[in-house]
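Some notes on the structure that comes next.
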Amino acid sequence: MITLNSVSKRWGRNEVLRDIDLTIEEGRVISMLGPNGSGKSTLIKCILNLVRPNSGTITVNGIPSTSVESRKDISYMPQVARFAENISAIRLIQLISDIRGVDADPTQLIEYFNLEGHMSKKLGVLSGGSRQKVSAVLAFLFDSPIIILDEPTVGLDPVSRVNFKRLVLEEKERGKTIFFTSHIMSDVEEVADEIAFLLEGKIVYQGKPEELIKSTNQPNLEQSIAHLLKAEA
Amino acid sequence: MKTIWSIFKFVFMDNLRSVWAIAYTLFIALSTYALVYFTGSFTRGVVSIMNIIILITPLVSTMMTSMYFFNKTDFLFLLLAQPIKRSHTFIGMYMGIAVMLALSVGFGLALGMAMSAPRIEDIQVLLLLMLTGVLLSFIFSGLAFLIAIATRDKLRGIGMALSLWLFMAVIYDGLMLMYFIVFSEYPIEEHAIILSLLNPIDLSRIFIMLQLDVSALMGYSGAVFQKFFGTGLGVGVSIGAMLLWIVVPQFLFVYRARRKDF
């Protein structure tokens, strides 16, 4: 479980996160939505302790996010997967395994994402989609109870996207907590139990997607979000 | 330590396989070979080779470190999101880049010399230049790391790193010369020593000149250094100061990295 209590973050005069209270329950899939610049990435970075909030506290399974221990429970898939140019994908996986001290076997995930022919190639020669899949392998490899995904399906082909979403649902069945950002509303509707809508650093809606659709009286989530944006403007 | 070692190996291999590392090694090798060829012997060409080492090594180290840091932010985020201390991540990355740069200089010099049929007495001079190149690689890679961590913007970071090199390699000497001329009536020997200690490029020049004992090329600060410390102690002080130039920026960038928002 991830808990954010009154988290605020400023970049100079720009207040990126404003008094955020958010609880990400264990075993749930929560999607963080919001327009570009609304503070989604900063919020993820705060959870991972890449960014330190100006005020408020964050705990991961009861451990403060400032502690190295808190990140033992988290696997993270960043938005862009340009990691290293001249090293093979398998070496990158080996590096993260060494750092985490977990000897996990990636074979199954490599096969799942059809990466068998790419693992010994340099990361620099892989396509954006293949690098994204390597990043996905890293996110699901270590059996972490919490998985944070920053726009994970961008750049994936339709088949890989379907496979990716299936994997997210399988992990959810296994009790994992999954927190992800996305601009692709169909993905969100398919996998998220709950959405949190962030606008100018504040959470303006948190709840089930179908409830938002119902309350805004719109045919789908995309139009509900557009409606919400208009109402807040 | 295991995590530092893992990150070091990865970053080292990533850099070693880059086109830039190969181009840099070949440039040092071919320059060394060409200078030995034109001057007739390694020992006679040493001053020209030294000038290449003390100017080019800091420039390449600064630029390659800055570029690697700013072009690998996704990789950095991935590492920082792992359950390891920030200091381990940054020391591992720094060592990976700096060791590759140091090896490129060392190997380039050795290759250049090997191509030009060396004599036994050239080995000592070669080792001296190699040591200087290695120390300068570590110093300027560390300074570039410090600048990169202290800034958010890629262009500003690279610009600042380049300015630092320009200041230490060119402007600093000019300012020192002006200072010596303006205050030539006063006893400024101690000032000359302090000013030399504050610039690793000057220090490396003095370090080489003291060992080669080429008094005509030593310059004012080098001569003062020799007079003040004597050759033996002068070499010790210059190398000690260069080691401090490696250690202090490392402490500073680790300290800054612990508090930085990424």
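What you are looking at is a predicted structure, and each value in this text was computed from that prediction instead of being measured. Because only heavy atoms are used, hydrogens play no part in the values below, and waters and symmetry mates are left out as well, while side chains stay in. Proteins get letters first, then strands, A, B, ... in listed order; numbering begins at 1 in each.
Residue A:Leu92 touches chain B through both its backbone and its side chain, counting heavy-atom pairs closer than 4.5 Å. For B:Lys2, the part lying under 4.5 angstrom from a heavy atom of chain A is the side chain only. Neither the backbone nor the side chain of B:Leu16 comes within less than 4.5 Å of any heavy atom of chain A.
The candidate from A:Ala84, A:Cys46, A:Pro78 with the greatest count of non-hydrogen atom pairs under 4.5 Å with chain B is A:Ala84. Among A:Asn49, A:Ile47, A:Ile96, A:Ile74, the residue making the largest number of heavy-atom pairs under 4.5 Å with chain B is A:Ile96. In terms of heavy-atom pairs under 4.5 angstrom with chain B, the leader among A:Val80, A:Leu138, A:Asp98 is A:Val80. Options B:Gly92, B:Ala81, B:Ser6 differ in how many heavy-atom pairs under 4.5 Å they form with chain A, and the most are formed by B:Ala81. Here A:Leu50 is the residue among A:Leu48, A:Leu50, A:Val68 with the most heavy-atom pairs under 4.5 Å with chain B. Options B:Leu76, B:Thr3, B:Asp14, B:Val11 differ in how many heavy-atom pairs under 4.5 Å they form with chain A, and the most are formed by B:Asp14. The greatest number of non-hydrogen atom pairs below 4.5 Å with chain A, out of B:Lys85, B:Arg86, B:His88, B:Lys9, is found for B:Arg86. With chain B as the partner, the residue from A:Arg91, A:Arg100, A:Gln94 showing the most heavy-atom pairs under 4.5 Å is A:Arg100.
Within the 3.5 Å criterion, the main-chain N or O of A:Arg18 finds no donor-acceptor partner in the side chain of A:Arg10.
Looking at A:Asp187 and A:Thr153, their side chains do bring a donor and an acceptor atom within 3.5 Å of each other. Residues A:Ser127 and A:Ser130 bring a donor and an acceptor atom of their side chains to less than 3.5 Å of each other.
In this structure, B:Phe138 and B:Tyr94 have perpendicular ring planes: the angle between them is above 60°, well past the 30° mark.
Taking the ring centre of B:Tyr255 as origin, the terminal cationic atom of B:Arg258 falls outside the region bounded by 6.0 Å and 45° from the ring axis.
The CZ atom of B:Phe253 sits 6.5 Å away from the CD1 atom of B:Ile91 when rounded to the nearest 0.5 Å.
Look at A:Lys45 and B:Asp261 and you find no salt bridge, because none of the NZ, NE, NH1 or NH2 atoms lies under 4.0 Å from a carboxylate O.
No more than 12 heavy atoms of other residues, nucleotides or ligands lie within 6.0 Å of CH2 in B:Trp5, so this atom counts as exposed by the packing criterion.
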